Amino acid sequence: MSNKLKDDTIEPHTISCASKDSVTGPKGPVDLDDVLVDELGQFGRFQLMNILLVAIPILMSAFMNEFIFSAAFIPHRCRIAECGEVSKTSIFVPQWLPNAIPQSESGFASCERFAPTGVNGSTDFCPSNLFFDDVVECEAFVYARDNSVVYDFDLGCDEWMRALAGTLNSIGTLLVLPVTGYISDRFGRRIALIISIFNLSLFGLIRAFSINYPMYLAFQLIQTSLGAGTFSSAYIFAAEFVGPKYRVLTSATCTAMYSVGQVTLGSIAWLVQPWRTLIMVLHIPCFFTVSYYWILSESVRWLLSKQRFDDAKIVLERVAKTNKKVISESSMNGLLTPPAPPEDEKEKKEGLFKTVFKSRILLRRVCTTPIWWITTTFVYYGLSINSASLSDTLYLNYIMTCAVEIPGFYTAVLILDRVGRKPTLSGGFFFSAVCNIAFVFIPTNLTILRLIVFLLGKFGISVVFTSLYLYTSELYPTQYRHSLLAFSSMIGRIGSITAPLTPVLMVFWPGIPSLLFAAMGILSGLLVLTQPETLGTKMPNTLAEAEALGTTKCKLGNI
């Protein structure tokens, strides 16, 4: 969420779980949301144009997952020098191969061969009497294809080394969070987006010219550490200027565009299979989005927070003109009036850890929500990466696995405000877990059934993915919400870091990854049931309101 798992907060347009006094109390400063609802429009032409523009960098942010193809597993076997094989481009399955390499029900061994007797044959004649029955490890390899770094850098049976590309990709998305956050808050959302997309393009392109595998891995980490903020930076432009009514829908649309990007990635990889050419085709067009610096308007929320009122006024007038609306002079003056000084920051910082450990309710949530995030990233990315094992068509498997996310995202939008947060989140975890368990026990010859069940598992975790930000945000009070949401998200990176390693476990038994996904899903589904329902409430402002969630004090009829 890779780079996809962002720390943006989605606030529902619902009724507060606060006291009557806080609802009917004195009117505070003019709020941008109120102006959007009453005057500028919650979703007009300006917002639509912004979403269409940022959809392109969101789509391109998925291109960092190209390691799934450039570092893909390719079938390999031992090179048999005694039979005249002198290079890794030898015929992959010659007629004499059963004489030299052990066989099983799944095919020829990838990393073992029969020990040679010391007598040599040729590529045309290599009988079994040239080998002992003893089995030894490979010293060199022959590959079935050449469109992977595995071939170019002769990785052979170094599966853990090959999987390291995906792990470093996830580590980079963890490292990028504080960097992008600082740039975005200090210099603006637009600058953060331009820097991120430029880094994504530049270091991705350099990786295409890697001369060895350490260089490939190094630039994989650098690219994600400096460019994975593209998604979150672009998301802000889409989410910060729509009204409360459209925030969940906008969030789902942004995540759906990321899935479209993954489908685009899979389609291009299918058409352009040499891995170096693939990386260049994907990343060179990304440089054109640097022009967004002159096209996109800076976020008004950021401009107001920095008290850059002249720039904010220009953008507000542009929004009104584009949406064919009129913003009143009183609203404009209210927005452009400096806010009252914030509460003492020292008190807030000192109170965070003390508050968490003194409140049993809050402590339970702080121990629970990170597990949801670990599970979601682990299963979500794990299923995408393990889709390669569904059949021989790696590209089609990946495209279908990513495309099924889109209806999952919008299904969450349809049911979150109808059946509630808990049933949606818990049901998504359980549904995905059941599908993963079923997938293990479906015979391999029932390929269509296996594919359907696998895709349904990805659908279930996609429903969870869209619901996770909203529900986590609604459980924490305003004072600590961003810190605790960011904490949950960062701990959740454990899942995306370990997910690329799961295919390696299939060497021991093919069902291990699916059972791991199921076990984590069941655990998280049960943990969701320990938390209160937040449907029909507004995000709590105080600790008391957060602790009251799920009690009679928080019912709509008591406000």
Side-chain angles (χ1 to χ4, degrees), residues 65 67-78 92 101-112 135 137-138 141 143-145 147-151 155-170 266 374-375 377-402 432-458 461 494-522:
N65 291 337
F67 70 88
I68 294 176
F69 302 103
S70 63
F73 170 86
I74 55 176
H76 56 274
R77 63 168 176 83
C78 294
F92 190 66
I101 293 181
Q103 295 184 77
S104 64
E105 294 181 0
S106 58
F108 290 101
S110 298
C111 302
E112 296 176 333
V135 174
E137 294 183 355
C138 301
F141 299 92
Y143 298 92
R145 302 192 305 270
N147 58 334
S148 170
V149 299
V150 174
Y151 174 86
L155 297 181
C157 291
D158 293 330
E159 276 296 288
W160 292 100
M161 183 65 70
R162 182 187 68 82
L164 191 58
T167 299
L168 291 178
N169 181 279
S170 298
I374 292 173
T375 298
T377 59
F378 181 61
V379 178
Y380 179 87
Y381 290 108
L383 289 176
S384 294
I385 294 168
N386 281 274
S387 64
S389 65
L390 292 177
S391 70
D392 293 333
T393 313
L394 164 65
Y395 307 99
L396 182 60
N397 294 339
Y398 183 79
I399 290 171
M400 290 189 295
T401 304
C402 295
S432 181
V434 169
C435 291
N436 277 293
I437 293 174
F439 179 78
V440 174
F441 298 101
I442 298 175
T444 55
N445 61 320
L446 301 178
T447 54
I448 296 179
L449 180 59
R450 283 172 59 85
L451 177 61
I452 292 174
V453 172
F454 189 92
L455 294 178
L456 287 175
K458 187 63 179 295
I461 204 63
I494 295 173
S496 60
I497 289 171
T498 55
L501 302 176
T502 55
V504 182
L505 299 175
M506 297 176 70
V507 174
F508 304 103
W509 184 52
I512 292 179
S514 295
L515 289 183
L516 285 175
F517 301 149
M520 292 296 293
I522 293 172

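Remember, it's a predicted structure, so these values are computed and weren't measured experimentally.
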Visitor: Ignoring hydrogens, what is the shortest heavy-atom contact between T498 and F378? Give both atom names and the distance.
Guide: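 What the structure gives for the nearest pair is OG1-CD1, 3.5 Å.
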
Visitor: What verdict does the side chain to side chain contact (heavy atoms under 4.5 Å, CB included) test give for L451 and L455, after you've listed the backbone C-alpha separation in whole Å, the side-chain angles of each residue and the deciding distance to 0.1 Å?
Guide: CA-CA 6 Å; L451 177 61; L455 294 178; 4.0 Å; yes

Visitor: Excluding sequence neighbours, so at least two apart, what forms side-chain contact (heavy atoms from CB on, under 4.5 Å) with P500?
Guide: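 Scan of P500 (side-chain contact (heavy atoms from CB on, under 4.5 Å), adjacent residues dropped) gives T167, S170, I385.
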
Visitor: Going by side-chain contact (heavy atoms from CB on, under 4.5 Å), name the residues that satisfy it together with A519, two or more places apart in sequence or in a different chain.
Guide: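 If we apply the side-chain contact (heavy atoms from CB on, under 4.5 Å) test to A519, skipping adjacent residues, there are no hits.
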
Visitor: With sequence neighbours left out, write down each residue that passes disulfide (SG to SG under 2.5 Å) with C402, or none if nothing qualifies.
Guide: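 Expected list: none.
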
Visitor: Hey, does L383 have a side-chain heavy atom less than 4.5 Å from the side chain of F517?
Guide: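 Answer yes - side chains close enough.
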
Visitor: For the residue pair C111 and H76, what are the closest heavy atoms and their distance?
Guide: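 Scanning both residues completely, I find the closest heavy atoms to be SG-NE2, 4.1 Å.
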
Visitor: Any chance you could lay out the side chain to side chain contact (heavy atoms under 4.5 Å, CB included) test for Y398 and I68, step after step, and finish with the verdict?
Guide: CA-CA 9 Å; Y398 183 79; I68 294 176; 3.5 Å; yes

Visitor: With rounding to the nearest 0.5 Å, note down the distance linking CG in L515 to CE in M520.
Guide: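 Answer for the CG-CE pair, L515 versus M520, is 13.5 Å.
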
Visitor: Could you grab the distance from atom CZ of R145 to atom CD1 of I74, nearest 0.5 Å is fine?
Guide: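 Rounded to the nearest 0.5 Å, the CZ-CD1 separation comes out at 6.0 Å.
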
Visitor: Got a second to check how far I494's CD1 is from T377's OG1, nearest 0.5 Å?
Guide: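 I494 CD1 to T377 OG1: 8.5 Å, rounded to 0.5 Å.
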
Visitor: For residues F454 and N397, determine if any side-chain heavy atom of one lies less than 4.5 Å from a side-chain heavy atom of the other.
Guide: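 No, their side chains stay 4.5 Å or more apart.
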
Visitor: Nearest 0.5 Å please: distance from the CD1 atom of I374 over to the OG atom of S496.
Guide: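 One gets 10.0 Å once the value is rounded to the nearest 0.5 Å.
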
Visitor: At what distance, to the nearest 0.5 angstrom, does CG of D158 lie from CG of L164?
Guide: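 Rounded to the nearest 0.5 Å, the CG-CG separation comes to 11.0 Å.
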
Visitor: Which atom names give the shortest non-hydrogen contact between P75 and F73, and what distance separates them?
Guide: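 Scanning both residues completely, I find the closest heavy atoms to be N-CE2, 3.8 Å.
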
Visitor: Decide whether a cation-pi geometry holds between R450 and F439; the criteria are a distance under 6.0 Å from NZ or CZ to the six-membered ring centre and an angle within 45° of the ring axis.
Guide: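 Yes, R450 and F439 form such a contact.
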
Visitor: Tell me if a side-chain donor or acceptor on R77 pairs with a main-chain N or O of F92 at a distance below 3.5 Å.
Guide: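 A pair under 3.5 Å: yes.
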
Visitor: Can you sort out the partners of F67 under ring-ring contact (aromatic ring centres under 6.0 Å, His included), two or more places apart, ordered by chain and number?
Guide: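 Expected list: none.
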
Visitor: Run the side-chain contact (heavy atoms from CB on, under 4.5 Å) test against I452 and tell me which residues pass, sequence neighbours left out.
Guide: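 Partners of I452 under the side-chain contact (heavy atoms from CB on, under 4.5 Å) test: I448, L456.
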
Visitor: Do L516 and L505 make a side-chain contact, defined as non-hydrogen atoms from C-beta onward lying under 4.5 Å apart?
Guide: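 Side chain of L516 against side chain of L505, heavy atoms only: contact under 4.5 Å found.
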
Visitor: What's the shortest heavy-atom distance between A518 and I437, and which atoms?
Guide: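 What the structure gives for the nearest pair is CB-CG1, 3.4 Å.
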
Visitor: Check whether the side chains of S432 and K458 place a donor and an acceptor atom closer than 3.5 Å, and report yes or no.
Guide: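 Per modelled atom types, S432 and K458 side chains form no pair under 3.5 Å.
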
Visitor: When you compare the side chain of N436 with that of V453, does any pair of heavy atoms fall below 4.5 Å?
Guide: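 V453 does not reach N436 side chain to side chain.
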
Visitor: Just to verify, what does A163 make a side-chain contact (heavy atoms from CB on, under 4.5 Å) with, not counting sequence neighbours?
Guide: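 By the side-chain contact (heavy atoms from CB on, under 4.5 Å) rule, A163 matches L501, V504.
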
Visitor: I'd like to check the side-chain hydrogen bond (donor to acceptor under 3.5 Å, both in side chains) partners of S148; sequence neighbours left out, ordered by chain and number.
Guide: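 Partners of S148 by the side-chain hydrogen bond (donor to acceptor under 3.5 Å, both in side chains) criterion come out as none, since no residue qualifies.
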
Visitor: Under the ring-ring contact (aromatic ring centres under 6.0 Å, His included) criterion, do Y151 and F141 qualify, and how do the steps go?
Guide: CA-CA 9 Å; Y151 174 86; F141 299 92; over 10 Å; no

Visitor: Applying side-chain hydrogen bond (donor to acceptor under 3.5 Å, both in side chains), can you list everything that pairs with Y143, at least two apart in sequence or on another chain?
Guide: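 Listed in chain order: D154.
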
Visitor: Which pairs with one or both residues in residues 504-515 pass side-chain hydrogen bond (donor to acceptor under 3.5 Å, both in side chains), sequence neighbours excluded?
Guide: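 side-chain hydrogen bond (donor to acceptor under 3.5 Å, both in side chains) check on residues 504-515 returns no pairs.
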
